[in-house]
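Single-structure report; data block below.
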Amino acid sequence: LAKCLNGLLLPMQGDVWVRGMNTRREDAQFDTRATVGMVFQNPDNQFVATTVEEEVAFGPENLGLPRPELRHRVDRALADTGLEDVRGQAPSRLSAGQKARLAIAGILAMHPSCLVLDESTAMLDPLSRRRLLGLLDRLHRSGVALVTITHAMDEVVGADRVVALAGGRVVYEGTPRALFARPQLLEELGL
């Protein structure tokens, strides 16, 4: 993980450091949360607001952004995830794919320098999945570090680095090309 992020996240003596901040220290939690955005596998686990628009605004609002900047970020995140038409709806009334995109929109509005995505495409239809992967590619090209947890091997192809785990242990770390050159390992891992 540390090598994947080129120094953004560094494990040191049992602690995890993000941009020089020890994540175990209470005084670093606010800045750490503003730097790293996490999108859970089940988006329902991270919703706190009563409308889509309020949900997207929740994180950046807690950063204390001025109203014009907050409005701009919410509008942009809704547009990037294709949720403009449902901004007034309750998150509970959205489809599974819309909920996944809403979870991502809420994090995008915070402008993190790192996104950690846990199976973020699992509940998306093929078109929404392609759009989301395109958005993630654009974010990566703009300098956002992405850590994607996935079983979808087609998503691994474009990665800079791959870390494969089995039983909680690293069994492979390297390039996608080198991983795909090891079909026996892929088979053993069920990938």
Side-chain angles (χ1 to χ4, degrees), residues 4-6 8-9 18-19 29-160 176:
C4 294
L5 298 176
N6 297 325
L8 183 66
L9 299 175
V18 175
R19 296 252 163 110
Q29 288 180 356
F30 181 84
D31 290 334
T32 301
R33 290 175 184 154
T35 302
V36 179
M38 174 73 183
V39 179
F40 301 123
Q41 184 173 5
N42 181 352
D44 286 317
N45 292 343
Q46 67 189 87
F47 296 150
V48 296
T50 58
T51 69
V52 166
E53 187 170 37
E54 291 169 350
E55 182 62 40
V56 175
F58 181 80
E61 198 167 44
N62 283 315
L63 295 176
L65 296 177
R67 275 276 171 223
E69 177 65 13
L70 178 64
R71 169 74 15 231
H72 171 74
R73 287 190 186 195
V74 169
D75 290 344
R76 180 63 194 222
L78 289 172
D80 284 345
T81 55
L83 295 173
E84 310 101 300
D85 294 343
V86 296
R87 71 184 328 131
Q89 289 188 28
S92 62
R93 301 191 59 89
L94 300 178
S95 70
Q98 288 172 318
K99 287 179 180 182
R101 289 185 284 144
L102 174 56
I104 292 166
I107 298 301
L108 289 180
M110 294 183 66
H111 288 189
S113 49
C114 176
L115 265 175
V116 178
L117 303 127
D118 184 6
E119 300 283 355
S120 61
T121 62
M123 292 191 271
L124 299 180
D125 62 79
L127 179 59
S128 295
R129 184 173 180 266
R130 269 196 315 276
R131 286 181 179 160
L132 175 61
L133 292 174
L135 171 62
L136 294 176
D137 184 54
R138 287 192 308 277
L139 288 169
H140 181 64
R141 282 187 274 122
S142 76
V144 175
L146 300 176
V147 176
T148 304
I149 301 154
T150 186
H151 289 91
M153 295 311 289
D154 61 322
E155 293 178 22
V156 172
V157 172
D160 296 327

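Annotation: salt bridge (Lys or Arg N to Asp or Glu O under 4.0 Å) contacts of Glu54 (sequence neighbours excluded): none. Remark: Arg93 pairs with no residue by the salt bridge (Lys or Arg N to Asp or Glu O under 4.0 Å) rule, at least two apart or across chains. Residues satisfying the salt bridge (Lys or Arg N to Asp or Glu O under 4.0 Å) test with Arg130, not counting sequence neighbours, are none. Considering only residues two or more places apart in sequence or on other chains, Pro68 meets the side chain to side chain contact (heavy atoms under 4.5 Å, CB included) condition with Pro66. Judged as a salt bridge (Lys or Arg N to Asp or Glu O under 4.0 Å), and not counting sequence neighbours, the contacts of Asp154 are Arg129.
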List the atom pairs, donor and acceptor, that lie under 3.5 Å between side-chain atoms in residues 141-151 and the rest of the protein, sequence neighbours left out.
| unit_1 | atom_1 | unit_2 | atom_2 | d |
| --- | --- | --- | --- | --- |
| Arg141 | NE | Asp137 | OD2 | 3.0 |
| Arg141 | NH2 | Asp137 | OD2 | 2.9 |
| Ser142 | OG | Leu139 | O | 2.7 |
| Thr150 | OG1 | Ala152 | N | 2.9 |
| Thr150 | OG1 | Glu155 | OE1 | 3.3 |
| His151 | ND1 | Glu119 | OE2 | 2.6 |

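A distance-only check finds a donor-acceptor pair linking the side chain of Arg101 to the backbone of Thr81 [under 3.5 Å]. No donor-acceptor pair closer than 3.5 Å links the side chain of Ser128 to the backbone N or O of Leu124. Between the side chain of Glu53 and the backbone N or O of Val74, no donor-acceptor pair lies under 3.5 Å.
Taking each heavy atom of Pro60 and Gly106 in turn, the nearest pair found is CD-O, 4.5 Å. The shortest non-hydrogen separation linking Phe47 to Pro91 is CD1-CB, 3.8 Å.
By the 4.5 Å heavy-atom criterion applied to side chains, Val157 and Pro176 are not counted as neighbours. Residues Phe58 and Val48 form a side-chain contact, since some pair of their non-hydrogen atoms from C-beta on lies under 4.5 Å apart. Using a 4.5 Å heavy-atom cutoff, the side chains of Leu102 and Pro43 are not in contact. Between Val116 and Val39 the shortest side-chain heavy-atom distance does not fall below 4.5 Å. The side-chain heavy atoms of Thr35 and Pro112, taken from C-beta on, include no pair separated by under 4.5 Å.
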Could you give me the CA-CA distance, side-chain angles and deciding distance for Arg138 and Leu135, then say whether side chain to side chain contact (heavy atoms under 4.5 Å, CB included) is met?
-> CA-CA 5 Å; Arg138 287 192 308 277; Leu135 171 62; 3.5 Å; yes
Thr121 vs Leu133, side chain to side chain contact (heavy atoms under 4.5 Å, CB included): CA-CA, chis, key distance, verdict = CA-CA 8 Å; Thr121 62; Leu133 292 174; 4.0 Å; yes
Tell me, with the steps shown, if His111 and Leu63 meet side chain to side chain contact (heavy atoms under 4.5 Å, CB included).
-> CA-CA 11 Å; His111 288 189; Leu63 295 176; over 6 Å; no
For Ile107 and Leu115, what are the C-alpha separation, side-chain angles and deciding distance, and is it a side chain to side chain contact (heavy atoms under 4.5 Å, CB included)?
-> CA-CA 8 Å; Ile107 298 301; Leu115 265 175; 3.1 Å; yes
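Atom CZ of Arg131 is surrounded by 12 or fewer heavy atoms from other residues, nucleotides or ligands within 6.0 Å. For Asn45, the CG atom sits in a packed shell: over 12 heavy atoms of surrounding residues, nucleotides or ligands are nearer than 6.0 Å.
In this structure, CG in Leu108 is found 8.0 Å from CG in Leu136, a value given to the nearest 0.5 Å. Between the CG atom in Leu117 and the CD atom in Gln41 there is a gap of 12.0 Å [rounded to 0.5 Å]. The structure places CG of Asp44 at 3.5 Å from NZ of Lys99, a figure rounded to the nearest 0.5 Å. Taking CZ of Phe40 as the start and OG of Ser120 as the end, the distance is 13.5 Å to the nearest 0.5 Å. To the nearest 0.5 Å, atoms CD (Glu55) and CD (Gln46) are separated by 7.5 Å.
In this structure, Arg76 does not pair ionically with Glu84, as no charged nitrogen and carboxylate oxygen lie closer than 4.0 Å.
Of the options Val56, Val86, Asp85, a side-chain contact (heavy atoms from CB on, under 4.5 Å) to Leu78 is made by Val56 and by none of the others.
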